[in-house]
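The next block holds one structure in the form of structure tokens; read it before the comments.
We use all heavy atoms of the structure for the numbers below, so side chains are in, but hydrogens, waters and symmetry mates are not. Position 1 is the first residue of the sequence, and the numbers go up from there.
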Amino acid sequence: MQKYTRLAVAAASGAWLALMATASFAESTMEKIVRTGQMTIAVQTQGPPVSFIDKAGERTGLAIELAQLMADDMEVELVVQDYDWKGLIPALLSGKADFIAADMTPTAKRSMQVVFTEPVFYSETIAFAMKDAGYKSWKDLNVAGISVGATQASSWADLARKKISNAELKEFSGGTAQTVQALTSGRINAGVSDKATIAAFMSSIDGLVVLDGDISREPLGFAVRPDSMHLLFALDNYMRLIRADGRLDEKLDYWWNTTSWEADHK
């Protein structure tokens, strides 16, 4: 009996060692990037100024330019893949992309699926409406009978659900552009997004206004798969590097803190 027990233990130990050996030789995301010479990002190119297709038909925006900076310094090719907002995390988890380059809030629920970088920038979540609607503050929207729009599966929608709970929430795929379109066509009374994104629409849509008060201030970062820790450390290190040498502030001032980018891309 002891002989069979020893054999079973030996077999189990051998299987465990084989499993560990296989795991140790599995290619990491960073090793794949080095081997292929390509770094693939998942973006949603319907959300200026973070990522969008400009007047020349080129993909651009804050997130894409930051990823391009890193790819250039790594001397690898940047591959950009477009998804709806709700498709970003599935694309990452399925291995179609190496990381998500978007203005994504590191919520507790998302952190159950992916791992976030340190905050790259911050966003003030606001409500917007047409001027003739008569709303002054975002708190004026928290009334039954009012409909509020936000991007599907976004933290803006979650926030509206919590902070403007008496209003009817309508979610739209395709980013803030679809919410703004719903507002201007009269299908909703107001929308929720971030201040920088709405600033990009205000210059071209007469009567579009930001309501008083910030609903929240949120950290925004990029996301990797839980097994991509080398890439995570590299992303965090790179953002610290370009923050120190001034390139991050330069990009933020151009894309996020002002509307300077509109003259070149809109």
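- With a 4.5 Å cut-off on side-chain heavy atoms, Ile33 and Leu231 count as touching.
- At least one donor-acceptor pair under 3.5 Å links the side chain of Asp54 to the backbone N or O of Glu58.
- Contact check on Asp206 versus Lys131 returns no salt bridge, with no Lys/Arg side-chain nitrogen under 4.0 Å from an Asp/Glu carboxylate oxygen.
- The minimum heavy-atom distance linking Leu141 with Ala127 is given by the pair CD1-CB, 3.7 Å.
- Put simply, the side chain of Asp214 does not reach to within 4.5 Å of the side chain of Thr125, judged on heavy atoms.
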Asp194 vs Arg217, test: salt bridge (Lys or Arg N to Asp or Glu O under 4.0 Å). Steps then yes/no. CA-CA 9 Å; Asp194 66 75; Arg217 183 174 187 268; over 6 Å; no
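- Within 6.0 Å of NZ in Lys162 there are 12 or fewer heavy atoms belonging to other residues, nucleotides or ligands.
- Rounding to the nearest 0.5 angstrom, the gap separating the NZ atom in Lys251 from the CG atom in Leu69 is 5.0 Å.
- Remark: Asp98 engages Lys32 in a side chain to side chain donor-acceptor pair (under 3.5 Å) (not counting sequence neighbours).
- The two residues Tyr135 and Ala129 come nearest to each other via the heavy atoms CD1-CB, 3.9 Å.
- No side-chain donor-acceptor contact under 3.5 Å links Thr117 to the backbone of Gly221.
- Here the side chains of Ser137 and Leu211 are not in contact, with every heavy-atom distance at 4.5 Å or above.
- More than 12 heavy atoms of other residues, nucleotides or ligands sit less than 6.0 Å from atom CG of Asp245.
- For the atom pair Tyr83 OH and Leu88 CG, the distance stands at 9.0 Å (nearest 0.5 Å).
- Side chain of Thr176 to main chain of Thr179: no donor-acceptor pair is present (N/O by atom type, distance under 3.5 Å, no hydrogens or angles).
- Panel note: side chain Thr36, backbone Gln38; a donor-acceptor pair is recorded below 3.5 Å.
- Two residues are said to be in side-chain contact when any heavy atoms from C-beta on lie closer than 4.5 Å; Arg110 and Met104 meet this criterion.
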Assess the residue pair Ser173 and Gln178 against the criterion (side chain to side chain donor-acceptor pair (under 3.5 Å)); give the C-alpha distance rounded to whole Å, side-chain angles, the decisive distance to 0.1 Å, and a yes or no. CA-CA 7 Å; Ser173 61; Gln178 298 301 316; over 6 Å; no
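- Counting only heavy atoms from C-beta outward, the side chains of Ser123 and Asp103 never approach each other to under 4.5 Å.
- You'll find the side chain of Lys170 stays beyond 4.5 Å of the side chain of Asn189, heavy atoms only.
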Leu62 and Ser51: CA distance, side-chain angles, deciding distance, side chain to side chain contact (heavy atoms under 4.5 Å, CB included) verdict: CA-CA 6 Å; Leu62 174 60; Ser51 56; over 6 Å; no
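- Ile164 and Met130 sit in two unconnected hydrophobic clusters of ILVMFWY residues. Membership requires side-chain heavy atoms under 4.5 Å apart, directly or through other members.
- Cluster annotation: Trp261 and Phe201 are assigned to distinct hydrophobic clusters (Ile/Leu/Val/Met/Phe/Trp/Tyr, side-chain heavy-atom contacts under 4.5 Å, transitive).
- Heavy-atom minimum distance, Leu159 versus Ser216: CD2-OG, 3.2 Å.
- Taking 4.0 Å as the cut-off between side-chain N and carboxylate O, Asp212 and Lys139 do not count as a salt-bridged pair.
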Does Ile242 form a side chain to side chain contact (heavy atoms under 4.5 Å, CB included) with Leu66? I'd like the steps, not just the answer. CA-CA 9 Å; Ile242 62 175; Leu66 290 177; 3.9 Å; yes
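- In the hydrophobic clustering of this structure, Ile198 does not group with Tyr122; members are Ile, Leu, Val, Met, Phe, Trp, Tyr whose side-chain heavy atoms approach within less than 4.5 Å, directly or through other members.
- The pair Lys86-Asp84 does not meet the salt-bridge criterion, since no charged nitrogen lies less than 4.0 angstrom from a carboxylate oxygen.
- Trp255 and Phe121 have their aromatic ring centers separated by at least 6.0 angstrom.
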Give the intermediate values and the outcome of side chain to side chain contact (heavy atoms under 4.5 Å, CB included) for residues Arg35 and Glu27. CA-CA 10 Å; Arg35 175 178 58 80; Glu27 185 179 51; 2.7 Å; yes
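- Of the possible donor and acceptor atoms, one in the side chain of Ser94 sits under 3.5 Å from a partner among the backbone N and O of Pro90.
- Looking at Trp156 and Ile215, their side chains never come closer than 4.5 Å, going by heavy atoms from C-beta outward.
- Evaluation of the ring pair (Phe, Tyr, Trp, His ring centres under 6.0 Å) rule for Phe222 yields Phe99 as partners, not counting sequence neighbours.
- With rounding to the nearest 0.5 Å, the separation of CD1 in Ile100 from CD in Gln81 is 11.5 Å.
- Residues Leu235 and Val120 share a single hydrophobic cluster, defined by chaining ILVMFWY side chains whose heavy atoms lie under 4.5 Å apart.
- No side-chain heavy atom of Val114 sits under 4.5 Å from any side-chain heavy atom of Arg225.
- By the criterion of side-chain heavy atoms lying less than 4.5 angstrom apart, applied directly or through intervening Ile, Leu, Val, Met, Phe, Trp or Tyr residues, Met39 is grouped together with Phe233 in one hydrophobic cluster.
- The two residues Phe52 and Gly61 have their closest heavy-atom pair at CE2-CA, 3.9 Å.
- Considering CG of Leu248 and OH of Tyr238, their distance stands at 10.0 Å, rounded to 0.5 Å.
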Would you sort out whether Thr184 and Ile205 count as a side chain to side chain contact (heavy atoms under 4.5 Å, CB included), showing the intermediate values? CA-CA 9 Å; Thr184 57; Ile205 300 177; 4.0 Å; yes
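- When only modelled atom types and interatomic distance are considered, Thr107 and Thr105 share no side-chain donor-acceptor pair under 3.5 Å.
- The nearest pair of heavy atoms linking Ala160 to Leu169 is CB-CD1, 4.0 Å.
- Summarising the geometry, atom OG belonging to Ser147 is positioned 10.5 Å from atom CZ belonging to Arg187; distances are rounded to the nearest 0.5 Å.
- Here the shortest heavy-atom pairing between Ile41 and Ala97 reads C-CB, 4.1 Å.
- Residues Glu171 and Arg161 are paired through a salt bridge, judged by an N-O separation under 4.0 Å between the basic side chain and the carboxylate.
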Check the pair Asp82 / Arg59 against salt bridge (Lys or Arg N to Asp or Glu O under 4.0 Å), numbers first and verdict last. CA-CA 10 Å; Asp82 299 335; Arg59 294 186 182 97; 3.1 Å; yes
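- If you take OG1 on Thr60 and CD on Gln68, they are separated by 9.5 Å, rounding to the nearest 0.5 Å.
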